[in-house]
Amino acid sequence: MSNLRSSEEEKYDMSGARLALTLCVTKAREGSEEDLDALEYMFRQLRFESTMKRDPTAQQFQEELEKFQQAIDSREDPTSCAFVVLMAHGREGFLKGEDGEMVKLENLFKALNNKNCKALRAKPKVYIIQACRGEQKDPGETVGGDEIVMVTKDSPQTIPTYTDALHIYSTVEGYIAYRHDQKGSCFIQTLVDVFTKGKGHILELLTEVTRRMAEAEMVQEGQAKKTNPEIQSTLRKRLYLQ
(Lines give C-alpha, C1' and ligand atoms only; values in the text may rest on other atoms or scores of the structure.)
Protein backbone atom coordinates (compact mmCIF):
# COMPACT_ATOMS: atom_id res chain seq x y z
CA MET A 1 0.00 0.00 0.00
CA SER A 2 1.44 3.39 -0.93
CA ASN A 3 2.04 5.95 1.79
CA LEU A 4 -0.50 8.69 2.22
CA ARG A 5 0.67 11.79 0.43
CA SER A 6 1.82 14.91 2.22
CA SER A 7 -0.93 17.07 3.65
CA GLU A 8 -0.19 19.78 1.05
CA GLU A 9 -0.96 17.42 -1.81
CA GLU A 10 -4.09 16.27 -0.01
CA LYS A 11 -5.58 19.77 0.14
CA TYR A 12 -7.27 21.72 -2.64
CA ASP A 13 -5.40 24.89 -3.58
CA MET A 14 -7.70 27.71 -2.52
CA SER A 15 -5.47 30.62 -3.59
CA GLY A 16 -7.54 31.45 -6.71
CA ALA A 17 -10.97 33.01 -7.09
CA ARG A 18 -13.89 31.65 -5.08
CA LEU A 19 -17.21 32.02 -6.86
CA ALA A 20 -20.76 31.51 -5.63
CA LEU A 21 -24.15 31.48 -7.34
CA THR A 22 -27.38 31.40 -5.34
CA LEU A 23 -30.72 30.76 -7.07
CA CYS A 24 -33.68 31.08 -4.73
CA VAL A 25 -37.43 30.89 -5.21
CA THR A 26 -38.78 33.19 -2.49
CA LYS A 27 -42.47 33.13 -3.47
CA ALA A 28 -44.53 30.98 -1.08
CA ARG A 29 -41.29 30.16 0.77
CA GLU A 30 -41.44 32.26 3.95
CA GLY A 31 -38.08 32.62 5.66
CA SER A 32 -36.09 32.49 2.44
CA GLU A 33 -35.01 36.16 2.75
CA GLU A 34 -33.40 35.27 6.11
CA ASP A 35 -31.58 32.41 4.39
CA LEU A 36 -30.35 34.73 1.61
CA ASP A 37 -29.05 37.23 4.20
CA ALA A 38 -27.24 34.45 6.07
CA LEU A 39 -25.66 33.12 2.85
CA GLU A 40 -24.56 36.59 1.79
CA TYR A 41 -22.84 36.99 5.17
CA MET A 42 -21.18 33.56 4.85
CA PHE A 43 -19.85 34.24 1.35
CA ARG A 44 -18.40 37.59 2.49
CA GLN A 45 -16.70 35.92 5.45
CA LEU A 46 -15.25 33.16 3.26
CA ARG A 47 -14.10 35.61 0.54
CA PHE A 48 -16.39 34.45 -2.25
CA GLU A 49 -17.58 36.59 -5.16
CA SER A 50 -21.27 35.97 -4.81
CA THR A 51 -24.20 36.38 -7.22
CA MET A 52 -27.79 35.97 -6.08
CA LYS A 53 -30.90 35.62 -8.25
CA ARG A 54 -34.41 35.58 -6.85
CA ASP A 55 -37.41 33.73 -8.27
CA PRO A 56 -35.95 31.98 -11.31
CA THR A 57 -38.30 29.99 -13.52
CA ALA A 58 -37.39 26.36 -14.20
CA GLN A 59 -35.72 27.41 -17.45
CA GLN A 60 -33.84 30.22 -15.72
CA PHE A 61 -32.38 27.78 -13.19
CA GLN A 62 -30.73 26.03 -16.15
CA GLU A 63 -29.80 29.26 -17.97
CA GLU A 64 -28.23 30.86 -14.87
CA LEU A 65 -26.13 27.74 -14.27
CA GLU A 66 -24.93 27.78 -17.87
CA LYS A 67 -24.15 31.51 -17.66
CA PHE A 68 -22.20 30.86 -14.47
CA GLN A 69 -20.22 28.11 -16.22
CA GLN A 70 -19.42 30.40 -19.18
CA ALA A 71 -18.35 33.22 -16.86
CA ILE A 72 -16.00 30.86 -14.99
CA ASP A 73 -14.52 29.46 -18.19
CA SER A 74 -13.91 32.92 -19.64
CA ARG A 75 -12.13 34.38 -16.58
CA GLU A 76 -8.50 35.42 -16.94
CA ASP A 77 -7.54 34.44 -13.39
CA PRO A 78 -7.68 30.88 -12.05
CA THR A 79 -10.76 29.76 -10.11
CA SER A 80 -10.24 27.61 -7.01
CA CYS A 81 -13.75 26.66 -6.08
CA ALA A 82 -17.43 27.18 -6.94
CA PHE A 83 -20.47 27.06 -4.68
CA VAL A 84 -24.00 26.78 -6.06
CA VAL A 85 -26.93 27.21 -3.67
CA LEU A 86 -30.35 26.10 -4.95
CA MET A 87 -33.44 26.90 -2.87
CA ALA A 88 -36.96 26.05 -4.01
CA HIS A 89 -39.86 23.69 -3.51
CA GLY A 90 -39.02 20.31 -4.92
CA ARG A 91 -39.37 16.56 -5.03
CA GLU A 92 -36.73 13.87 -5.42
CA GLY A 93 -34.38 14.85 -8.27
CA PHE A 94 -36.31 18.00 -9.23
CA LEU A 95 -36.67 21.65 -8.23
CA LYS A 96 -39.77 23.73 -8.92
CA GLY A 97 -39.16 27.06 -10.63
CA GLU A 98 -41.13 30.21 -9.82
CA ASP A 99 -43.39 29.35 -12.79
CA GLY A 100 -44.37 25.99 -11.28
CA GLU A 101 -42.38 24.02 -13.89
CA MET A 102 -39.82 21.44 -12.82
CA VAL A 103 -36.09 21.39 -13.57
CA LYS A 104 -33.96 18.27 -13.21
CA LEU A 105 -31.20 18.60 -10.61
CA GLU A 106 -28.98 16.28 -12.65
CA ASN A 107 -28.99 18.82 -15.51
CA LEU A 108 -27.97 21.60 -13.13
CA PHE A 109 -25.11 19.47 -11.78
CA LYS A 110 -23.93 18.70 -15.31
CA ALA A 111 -23.22 22.36 -16.10
CA LEU A 112 -20.11 22.43 -13.91
CA ASN A 113 -18.81 18.88 -14.25
CA ASN A 114 -15.27 18.17 -15.48
CA LYS A 115 -16.44 17.77 -19.04
CA ASN A 116 -18.51 20.96 -19.31
CA CYS A 117 -16.53 23.42 -17.19
CA LYS A 118 -12.82 23.29 -18.04
CA ALA A 119 -11.79 25.95 -15.52
CA LEU A 120 -13.21 23.83 -12.70
CA ARG A 121 -11.64 20.55 -13.77
CA ALA A 122 -10.28 18.81 -10.66
CA LYS A 123 -11.47 21.81 -8.60
CA PRO A 124 -14.14 21.54 -5.90
CA LYS A 125 -17.75 22.21 -6.87
CA VAL A 126 -20.13 22.42 -3.92
CA TYR A 127 -23.90 22.28 -4.38
CA ILE A 128 -26.16 23.18 -1.45
CA ILE A 129 -29.80 22.22 -2.00
CA GLN A 130 -32.53 23.48 0.32
CA ALA A 131 -35.66 21.77 -1.00
CA CYS A 132 -38.07 18.98 -0.19
CA ARG A 133 -37.20 15.59 -1.66
CA GLY A 134 -40.61 14.03 -1.12
CA GLU A 135 -43.58 14.08 1.24
CA GLN A 136 -42.33 11.93 4.09
CA LYS A 137 -41.98 13.30 7.62
CA ASP A 138 -39.66 11.83 10.21
CA PRO A 139 -40.97 11.61 13.78
CA GLY A 140 -37.54 10.35 14.91
CA GLU A 141 -36.46 7.02 16.38
CA THR A 142 -35.25 6.19 19.86
CA VAL A 143 -31.58 5.25 19.78
CA GLY A 144 -30.60 2.23 21.82
CA GLY A 145 -28.39 -0.84 21.69
CA ASP A 146 -27.02 -2.02 18.39
CA GLU A 147 -30.19 -2.47 16.37
CA ILE A 148 -29.16 0.31 13.99
CA VAL A 149 -28.04 -1.09 10.66
CA MET A 150 -26.36 0.99 7.96
CA VAL A 151 -27.52 0.18 4.45
CA THR A 152 -25.52 1.52 1.54
CA LYS A 153 -26.57 1.43 -2.09
CA ASP A 154 -23.93 0.84 -4.74
CA SER A 155 -24.14 3.57 -7.32
CA PRO A 156 -21.82 3.49 -10.31
CA GLN A 157 -19.57 6.55 -10.52
CA THR A 158 -17.92 7.79 -13.66
CA ILE A 159 -15.00 9.36 -11.87
CA PRO A 160 -13.44 11.38 -14.71
CA THR A 161 -16.60 13.39 -15.35
CA TYR A 162 -17.99 13.71 -11.87
CA THR A 163 -15.09 13.94 -9.42
CA ASP A 164 -14.49 16.85 -7.06
CA ALA A 165 -18.18 17.49 -6.44
CA LEU A 166 -19.99 17.76 -3.14
CA HIS A 167 -23.79 17.70 -3.03
CA ILE A 168 -25.30 18.82 0.28
CA TYR A 169 -29.04 18.23 0.55
CA SER A 170 -31.11 19.78 3.34
CA THR A 171 -32.85 16.45 3.87
CA VAL A 172 -32.55 12.79 2.94
CA GLU A 173 -34.19 11.26 -0.12
CA GLY A 174 -37.98 11.19 -0.01
CA TYR A 175 -38.38 13.63 2.88
CA ILE A 176 -39.68 17.12 3.54
CA ALA A 177 -37.30 20.03 4.30
CA TYR A 178 -38.40 22.42 7.04
CA ARG A 179 -38.33 26.22 6.96
CA HIS A 180 -39.33 28.71 9.66
CA ASP A 181 -41.29 31.67 8.38
CA GLN A 182 -39.27 34.21 10.42
CA LYS A 183 -35.94 32.56 11.05
CA GLY A 184 -35.27 30.84 7.73
CA SER A 185 -34.45 27.16 7.36
CA CYS A 186 -32.73 25.21 10.11
CA PHE A 187 -30.42 23.76 7.44
CA ILE A 188 -29.13 27.01 5.89
CA GLN A 189 -28.89 28.82 9.25
CA THR A 190 -26.96 25.94 10.86
CA LEU A 191 -24.70 25.52 7.84
CA VAL A 192 -23.81 29.24 7.76
CA ASP A 193 -23.08 29.23 11.50
CA VAL A 194 -20.78 26.21 11.27
CA PHE A 195 -19.05 27.28 8.02
CA THR A 196 -18.26 30.78 9.33
CA LYS A 197 -17.15 29.80 12.85
CA GLY A 198 -15.92 26.23 12.53
CA LYS A 199 -12.39 25.01 11.92
CA GLY A 200 -11.57 21.97 9.85
CA HIS A 201 -12.17 20.76 6.31
CA ILE A 202 -15.62 20.86 4.77
CA LEU A 203 -16.58 17.24 5.50
CA GLU A 204 -15.74 17.77 9.20
CA LEU A 205 -17.87 20.92 9.20
CA LEU A 206 -20.74 19.05 7.57
CA THR A 207 -20.55 16.35 10.22
CA GLU A 208 -21.10 19.09 12.80
CA VAL A 209 -24.04 20.51 10.78
CA THR A 210 -25.60 17.02 10.69
CA ARG A 211 -25.02 16.52 14.43
CA ARG A 212 -26.72 19.81 15.31
CA MET A 213 -29.65 19.21 13.00
CA ALA A 214 -30.13 15.67 14.29
CA GLU A 215 -30.36 17.11 17.82
CA ALA A 216 -32.81 19.86 16.86
CA GLU A 217 -36.57 19.35 17.02
CA MET A 218 -38.68 20.92 14.28
CA VAL A 219 -42.22 21.45 15.49
CA GLN A 220 -44.78 21.26 12.72
CA GLU A 221 -48.48 21.58 13.53
CA GLY A 222 -47.68 20.93 17.18
CA GLN A 223 -45.77 17.71 16.47
CA ALA A 224 -42.03 17.28 16.84
CA LYS A 225 -40.25 16.20 13.66
CA LYS A 226 -36.62 15.36 13.00
CA THR A 227 -34.59 16.13 9.92
CA ASN A 228 -30.99 15.78 8.83
CA PRO A 229 -28.99 16.71 5.77
CA GLU A 230 -27.50 14.21 3.35
CA ILE A 231 -24.03 14.60 1.89
CA GLN A 232 -22.80 13.01 -1.33
CA SER A 233 -19.11 13.53 -2.02
CA THR A 234 -16.69 12.74 -4.82
CA LEU A 235 -14.04 15.10 -3.41
CA ARG A 236 -10.51 13.71 -3.81
CA LYS A 237 -8.81 16.08 -1.36
CA ARG A 238 -9.59 18.06 1.75
CA LEU A 239 -11.41 21.33 1.15
CA TYR A 240 -10.61 24.11 3.66
CA LEU A 241 -12.68 27.29 3.40
CA GLN A 242 -11.04 29.27 6.22
Contacts of Thr57 that satisfy side chain to side chain contact (heavy atoms under 4.5 Å, CB included) - sequence neighbours left out: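 Counting only residues at least two positions away or on another chain, Thr57 forms a side chain to side chain contact (heavy atoms under 4.5 Å, CB included) with Gln59, Gln60, Glu98, Asp99.
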Taking side chain to side chain contact (heavy atoms under 4.5 Å, CB included) as the definition, give me every residue that meets it alongside Gln69, ordered by chain and number, with sequence neighbours left out.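 So Gln69 forms a side chain to side chain contact (heavy atoms under 4.5 Å, CB included) with Asp73, Leu112, Cys117.
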Which distance, rounded to the nearest 0.5 Å, do you find between the [atom1] of [X] and the [atom2] of [Y]?
{"X": "Leu95", "Y": "Gln130", "atom1": "CG", "atom2": "CD", "result": "10.5 Å"}
{"X": "Ile188", "Y": "Ser170", "atom1": "CD1", "atom2": "OG", "result": "7.5 Å"}
{"X": "Lys125", "Y": "Asn114", "atom1": "NZ", "atom2": "CG", "result": "4.0 Å"}
{"X": "Gln62", "Y": "Asn107", "atom1": "CD", "atom2": "CG", "result": "5.0 Å"}
{"X": "Met87", "Y": "Ile128", "atom1": "CE", "atom2": "CD1", "result": "9.5 Å"}
{"X": "Leu86", "Y": "Ile129", "atom1": "CG", "atom2": "CD1", "result": "6.0 Å"}

When you check the gap from the basic side-chain N to the acidic O, do Lys67 and Glu63 get nearer than 4.0 Å?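 Salt bridge absent between Lys67 and Glu63.
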Are Asp164 and Lys123 close enough for a salt bridge, meaning some N to O gap below 4.0 Å?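 Salt bridge absent between Asp164 and Lys123.
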Give me the atom names and distance for the closest heavy-atom approach of [X] to [Y].
{"X": "Pro229", "Y": "Phe187", "result": "CB-CE1, 4.0 Å"}
{"X": "Asp35", "Y": "Lys183", "result": "OD1-O, 4.5 Å"}
{"X": "Glu10", "Y": "Lys237", "result": "O-CB, 3.0 Å"}
{"X": "Ala28", "Y": "His89", "result": "O-NE2, 3.1 Å"}
{"X": "Ala131", "Y": "Ala88", "result": "CB-O, 3.2 Å"}
{"X": "Leu120", "Y": "Ala82", "result": "CD1-CB, 3.7 Å"}

[X] (side chain) donor-acceptor with [Y] (main chain) under 3.5 angstrom:
{"X": "Tyr127", "Y": "Phe109", "value": "yes"}
{"X": "Tyr240", "Y": "Tyr12", "value": "no"}
{"X": "Arg238", "Y": "Lys11", "value": "no"}

Start with the C-alpha gap between Val209 and Ile168, add the side-chain angles, then the distance that decides, and say whether side chain to side chain contact (heavy atoms under 4.5 Å, CB included) holds. CA-CA 11 Å; Val209 172; Ile168 309 162; over 6 Å; no
Over 12 foreign heavy atoms within 6.0 Å of NZ, Lys96: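 Count not over threshold, so no.
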Considering only distance and modelled atom types, tabulate donor-acceptor pairs under 3.5 Å from the side chains of residues 190-203, sequence neighbours left out.
unit_1: Thr190; atom_1: OG1; unit_2: Cys186; atom_2: O; d: 2.5
unit_1: Asp193; atom_1: OD1; unit_2: Lys197; atom_2: NZ; d: 2.5
unit_1: Asp193; atom_1: OD2; unit_2: Arg212; atom_2: NH1; d: 2.8
unit_1: Thr196; atom_1: OG1; unit_2: Val192; atom_2: O; d: 2.7
unit_1: Thr196; atom_1: OG1; unit_2: Asp193; atom_2: O; d: 3.3
unit_1: His201; atom_1: ND1; unit_2: Leu203; atom_2: N; d: 3.4

Sequence neighbours excluded, which residues qualify as ring-ring contact (aromatic ring centres under 6.0 Å, His included) partners of Phe48?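 Expected list: Phe43, Phe83.
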Please identify each residue that fulfils ring-ring contact (aromatic ring centres under 6.0 Å, His included) with Phe68, with sequence neighbours left out.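 Phe68 satisfies ring-ring contact (aromatic ring centres under 6.0 Å, His included) with no other residue.
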Any non-hydrogen side-chain atom of [X] less than 4.5 Å from a side-chain atom of [Y]?
{"X": "Leu166", "Y": "Pro124", "result": "no"}
{"X": "Asn113", "Y": "Asn116", "result": "yes"}
{"X": "His167", "Y": "Leu105", "result": "no"}

Please evaluate residues Met52 and Leu39 with respect to the criterion side chain to side chain contact (heavy atoms under 4.5 Å, CB included), reporting the C-alpha separation (whole Å), side-chain torsions for both, the decisive distance (0.1 Å), and the verdict. CA-CA 10 Å; Met52 293 196 167; Leu39 287 164; 3.8 Å; yes
Look at the side-chain heavy atoms of Ile, Leu, Val, Met, Phe, Trp and Tyr, link any pair under 4.5 Å apart, and say whether Val85 and Leu206 land in one connected group.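 Yes: a chain of side-chain contacts under 4.5 Å links Val85 to Leu206.
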Should Met102 and Val84 be counted in the same cluster of Ile, Leu, Val, Met, Phe, Trp and Tyr side chains packed under 4.5 Å apart?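 Per the 4.5 Å side-chain linkage, Met102 and Val84 are not co-clustered.
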Validation: residues 13-26 side-chain donor-acceptor distances under 3.5 Å, sequence neighbours left out:
unit_1: Asp13; atom_1: OD1; unit_2: Ser15; atom_2: N; d: 2.8
unit_1: Asp13; atom_1: OD1; unit_2: Ser15; atom_2: OG; d: 2.7
unit_1: Asp13; atom_1: OD2; unit_2: Ser15; atom_2: OG; d: 3.3
unit_1: Arg18; atom_1: NH1; unit_2: Leu46; atom_2: O; d: 2.9
unit_1: Arg18; atom_1: NH1; unit_2: Leu241; atom_2: O; d: 2.8
unit_1: Thr26; atom_1: OG1; unit_2: Asp55; atom_2: OD1; d: 3.1
unit_1: Thr26; atom_1: OG1; unit_2: Asp55; atom_2: OD2; d: 3.0

Would you sort out whether Arg44 and Glu40 count as a salt bridge (Lys or Arg N to Asp or Glu O under 4.0 Å), showing the intermediate values? CA-CA 6 Å; Arg44 271 201 311 276; Glu40 206 147 17; 5.2 Å; no
